[in-house]
Structures are given as C-alpha cells and as structure tokens.
Amino acid sequence: MTENFLNQFKGSFYGVLRWPQLDSLWEILRQNQDQRWFIYHVGETPPAEPASREKIEQFLKEIDALLRAEHQEDYCGIVYADDLEHPTFIKIFDPNNLGVS
C-alpha cells in the first residue's frame, strides 16, 4: 500500500455514534457521486481503480444492512470518518470481530 494511504489510515477519525448519523454519512456519499472511492476489505488485494457509482450504491446498501443486522445495539459506534461532513476516508469495523469488553 502506498505511504499516503497508510498515513491517512493512521490519521484522526470521528466516530459515527448514532444510527441517524450513519444515515447522514451515507446520504453525503450518495449526494457526492463525483467523488472517487476505493472500497477495500482488510486482507484482500487493494483495488487498482475507484469503485463505480453502481458499486458504491450496492456497497452502501449491503454494508448498511449488515451493520444493522449484526450490530444490534441502539448505537452505531463502529464506523469512523476523517470528516463527518466532507469525508475522504471511512473505516468500518466488522461487528463480528470487535472483541469482548
């Protein structure tokens, strides 16, 4: 992975604490379709090209359904963005591998 990606990955992030905040984040992504996004799952080969608009929409629908089904809490707390209003980097943690507290 490039040094730029790793620097961004290790940077500061804001937590999406509530489900309505997550809805707002998804809507921001949908409204800014010209922004180019890479979708990367840890452990897989990083993509060479940004995802298409169709792939982004499909991903948003699928990840939203997965998060709500697998993270059955009244809070979200497993999605993070570098900027909640103008995101350029978003991390989504696997609700099945969060550990035990």
Side-chain angles (χ1 to χ4, degrees):
M1 291 185 206
T2 68
E3 186 174 326
N4 186 39
F5 173 84
L6 292 175
N7 286 338
Q8 284 185 286
F9 184 79
K10 295 177 184 178
S12 297
F13 287 82
Y14 300 94
V16 177
L17 302 177
R18 301 279 173 212
W19 295 112
Q21 285 180 300
L22 184 63
D23 295 335
S24 294
L25 181 62
W26 293 162
E27 188 57 32
I28 288 168
L29 296 180
R30 286 183 175 106
Q31 289 178 3
N32 295 304
Q33 288 286 335
D34 293 334
Q35 192 168 356
R36 297 169 52 109
W37 286 96
F38 290 85
I39 298 173
Y40 170 67
H41 301 272
V42 174
E44 294 182 2
T45 303
E49 299 288 327
S52 67
R53 289 181 183 191
E54 294 80 18
K55 180 71 175 174
I56 292 169
E57 183 60 35
Q58 176 186 0
F59 174 78
L60 291 176
K61 287 179 182 176
E62 290 175 2
I63 196 67
D64 188 71
L66 175 79
L67 294 177
R68 292 173 194 272
E70 299 295 326
H71 187 63
Q72 297 177 355
E73 305 291 344
D74 63 349
Y75 59 90
C76 179
I78 55 177
V79 176
Y80 296 81
D82 61 345
D83 185 317
L84 295 175
E85 294 183 18
H86 302 94
T88 62
F89 202 108
I90 298 170
K91 293 181 187 181
I92 303 171
F93 289 88
D94 182 346
N96 294 308
N97 290 308
L98 296 175
V100 178
S101 57

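Keep in mind that the numbers below use all heavy atoms, side chains included, and drop hydrogens, waters and symmetry copies.
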Problem set entry | Evaluation steps, side chain to side chain contact (heavy atoms under 4.5 Å, CB included), between Ile78 and Glu73 | CA-CA 11 Å; Ile78 55 177; Glu73 305 291 344; over 6 Å; no

For this session: Test Glu70 against Asp94 for side chain to side chain contact (heavy atoms under 4.5 Å, CB included), laying out the working first.
Result: CA-CA 9 Å; Glu70 299 295 326; Asp94 182 346; over 6 Å; no

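Remark: Phe89 pairs with Phe5, Phe13 by the ring pair (Phe, Tyr, Trp, His ring centres under 6.0 Å) rule, at least two apart or across chains. Shown here are the salt bridge (Lys or Arg N to Asp or Glu O under 4.0 Å) partners of Asp74, two or more places apart in sequence or in another chain: there are none.
Rounded to the nearest 0.5 angstrom, Leu84 CG and Gln21 CD are separated by 6.5 Å. Interatomic distance, CG of Leu66 versus NE2 of His71, reported as 11.5 Å (0.5 Å rounding). Between Leu67 atom CG and Glu62 atom CD the span is 11.5 Å, to the nearest 0.5 Å.
Judged by distance alone, the side chain of Gln35 and the main-chain N or O of Pro87 form a donor-acceptor pair under 3.5 Å.
The heavy-atom pair separating Val16 from Leu22 by the smallest distance is CG1-N, 3.3 Å. Among all heavy-atom pairs drawn from Pro47 and Phe38, the shortest one is CG-CD2, 3.7 Å.
Contact check for Val79 versus Ile90: side-chain heavy atoms found under the 4.5 Å cut-off.
Under a 4.0 Å N-O distance rule, the pair Asp23/Arg18 does not qualify as a salt bridge.
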